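Working notes for the structure below.
The figures here come from the full heavy-atom set of this structure, side chains too, leaving out hydrogens, waters and symmetry mates. Model, not experiment: these values are computed from the prediction. Protein chains get the first letters and strands the later ones, always in sequence-line order, with residue 1 at the start of each.
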There are 2 protein chains.
Amino acid sequence: MELPERLRTEGYRLTLQRQLVLQAVTELGHATPDDVFGWVRDRAEKVNLSTVYRALELLEHLGLVTHTHLGHGAPTYHPANVPEHVHLVCRDCGGVSEVEPAAVASMVETLEAQRGFRADVAHLTVFGSCAECTDAGR
Amino acid sequence: MELPERLRTEGYRLTLQRQLVLQAVTELGHATPDDVFGWVRDRAEKVNLSTVYRALELLEHLGLVTHTHLGHGAPTYHPANVPEHVHLVCRDCGGVSEVEPAAVASMVETLEAQRGFRADVAHLTVFGSCAECTDAGR
DNA sequence: GTTGGTGCAAAATGTTTGCACGGGG
DNA sequence: CCCCGTGCAAACATTTTGCACCAAC
């Protein structure tokens with residue numbers, strides 16, 4: 001846990017809520033703000049949803065968590081220390097899976113070479129149809 | 001305009017609102033539901049925002065428009081008859097640009113081969129940092 | 001004439017903000 | 001002791017829904 005140091009070096013305070021939010025993101029893996037809220041709440045700790053939002057924003061600023069949009073309006077947060085991965089979201093069954101960045105490396109290189117655009121792989125989500133749903137469709 | 005036929009073949013009715021919404025999406029290129037609402041409203045036609053949402057949903061179902069998420073919660077709609085393209089969104093300046101599907105073809109093939117996952121390229125948005133912002137950062 | 005579509009208003013989501021109190025440093 | 005962070009309530013933004021009326025077919 002590197003939370004205390006990261007907070008201190010930027011002049012922020014260490015609070016129970018911030019620790020719990022980071023812990024929730026770490027344990028849940030793919031968590032929406034509401035998931036995090038529920039996780040902390042279930043542990044009988046009193047927190048407010050707005051505090052969760054503020055904590056997530058701060059943790060992201062500190063580089064301890066990242067977020068991605070897995071569709072509609074629900075952002076999901078990941079611990080940043082987890083290996084980077086790309087999300088695949090199936091439009092038919094709603095399933096979410098992950099692939100290593102290597103699978104999209106050539107795309108990233110192409111964008112960088114052609115446009116000078118540096119893709120943020122950790123934030124990348126690809127929508128489509130998974131193998132099961134594609135098979136079922138025929 | 002193939003709206004009338006598409007509607008009829010599935011038993012839907014042709015209304016002025018649906019025509020205007022499709023026209024708005026076509027002319028605007030990258031439009032949020034609210035953009036569409038404004039466009040129609042500016043032409044002195046009375047429409048309700050909820051009608052716009054319902055029309056967009058129907059048009060998407062008919063395959064006449066598609067939508068993508070260009071960040072946060074704002075979905076943007078495109079006419080489906082426009083050539084497929086991938087969106088690049090710069091996290092720093094907020095700029096949106098487009099690239100041909102060829103740039104991501106290898107990624108799509110890899111996903112299909114490794115996972116049997118069929119990527120929906122038209123819906124793909126890559127977040128990152130554009131050339132200008134990357135340069136400015138150093 | 002039927003029935004689906006629209007307008008309107010209210011509800012449901014999801015996120016942000018102002019403010020006073022309490023705890024961290 | 002100072003002042004940042006939290007809880008709380010209200011404000012916001014966006015999308016959805018129920019219902020009565022009107023228009024497309």
Below 3.5 Å between N/O atoms, which protein atoms pair up with nucleotides 4-6 of chain D? Just atom names and distances, please.
{"unit_1": "D:dC4", "atom_1": "O4'", "unit_2": "A:R13", "atom_2": "NH1", "d": "3.4"}
{"unit_1": "D:dC4", "atom_1": "O4'", "unit_2": "A:R13", "atom_2": "NH2", "d": "3.2"}
{"unit_1": "D:dC4", "atom_1": "O2", "unit_2": "A:R13", "atom_2": "NH1", "d": "3.1"}
{"unit_1": "D:dG5", "atom_1": "OP1", "unit_2": "A:R13", "atom_2": "N", "d": "3.2"}
{"unit_1": "D:dG5", "atom_1": "OP1", "unit_2": "A:R18", "atom_2": "NH1", "d": "3.0"}
{"unit_1": "D:dG5", "atom_1": "OP1", "unit_2": "A:R18", "atom_2": "NH2", "d": "3.3"}
{"unit_1": "D:dG5", "atom_1": "O5'", "unit_2": "A:R18", "atom_2": "NH2", "d": "3.3"}
{"unit_1": "D:dT6", "atom_1": "OP1", "unit_2": "A:T15", "atom_2": "OG1", "d": "3.0"}
{"unit_1": "D:dT6", "atom_1": "O3'", "unit_2": "A:Q17", "atom_2": "NE2", "d": "2.9"}

* To do: Please list all pairs passing the ring pair (Phe, Tyr, Trp, His ring centres under 6.0 Å) test where one or both residues lie in residues 88-114 of chain B, with sequence neighbours left out.
  => none
* Sequence-distant partners of B:S106, side-chain contact (heavy atoms from CB on, under 4.5 Å), two or more places apart -> A:S106
* To do: Would you indicate what A:S50 reaches in the nucleic acid, counting non-hydrogen atoms under 4.0 angstrom: base, sugar-phosphate, or nothing?
  => base
* Structure fact -> Whole-Å distance, A:L56 CG to C:dT15 C1', equals 12 Å
* Nucleotide C:dG24, atom C1' - distance to CG of A:L7 in whole Å -> 12 Å
* Taking OP1 and OP2 of C:dT15, is either one under 4.0 Å from a side-chain nitrogen or oxygen of A:Y53? -> yes
List the atom pairs, with distances to 0.1 Å, where a side-chain N or O of residues 79-86 of chain A and a protein N or O form a donor-acceptor pair under 3.5 Å, not counting sequence neighbours.
{"unit_1": "A:H85", "atom_1": "ND1", "unit_2": "A:P83", "atom_2": "O", "d": "3.0"}
{"unit_1": "A:H85", "atom_1": "NE2", "unit_2": "A:H87", "atom_2": "NE2", "d": "3.2"}

* Take atom CD of B:E5 and atom P of D:dC25, then tell me their distance rounded to the nearest Å. => 13 Å
* Mind calculating the distance between CG (A:L3) and C1' (C:dG24) to the nearest angstrom? => 15 Å
* **Atom CD of B:E57: over 12 foreign heavy atoms under 6.0 Å** => no
* How many Å lie between NE2 on A:H67 and C1' on C:dG14, as a whole number? -> 14 Å
* Roughly, in whole Å, what's the span from CZ in B:F37 to C1' in C:dC8? -> 12 Å
* Protein-nucleotide distance (B:E57, atom CD; C:dT6, atom C1'), rounded to Å -> 15 Å
* Does B:P33 or B:R8 map to a spot on DNA chain D nearer the 5' end, using the closest nucleotide for each? -> B:P33
* Asked: Centres of the B:H30 and B:H78 rings: under 6.0 Å?
  -> yes
* **Partner residues of B:R115 under the salt bridge (Lys or Arg N to Asp or Glu O under 4.0 Å) criterion, sequence neighbours left out** => none
* Structure fact -> Taken in chain and number order and not counting sequence neighbours, the residues that satisfy side-chain contact (heavy atoms from CB on, under 4.5 Å) with B:E27 are B:Q23, B:W39
* Please state how far atom CG in B:L49 lies from atom C1' in D:dT17, giving the value in whole angstrom units. => 14 Å
* Structure fact -> With sequence neighbours left out, the residues meeting ring-ring contact (aromatic ring centres under 6.0 Å, His included) with A:F127 are B:H123
* Structure fact -> Residue set satisfying side-chain contact (heavy atoms from CB on, under 4.5 Å) with A:L16, at least two apart, ordered chain then number -> A:L20, A:E45
* Structure fact -> the helix from C:dG1-D:dC25 to C:dG25-D:dC1: angle between terminal helix axes, five bp per end, to the nearest 10 degrees, reads 30°
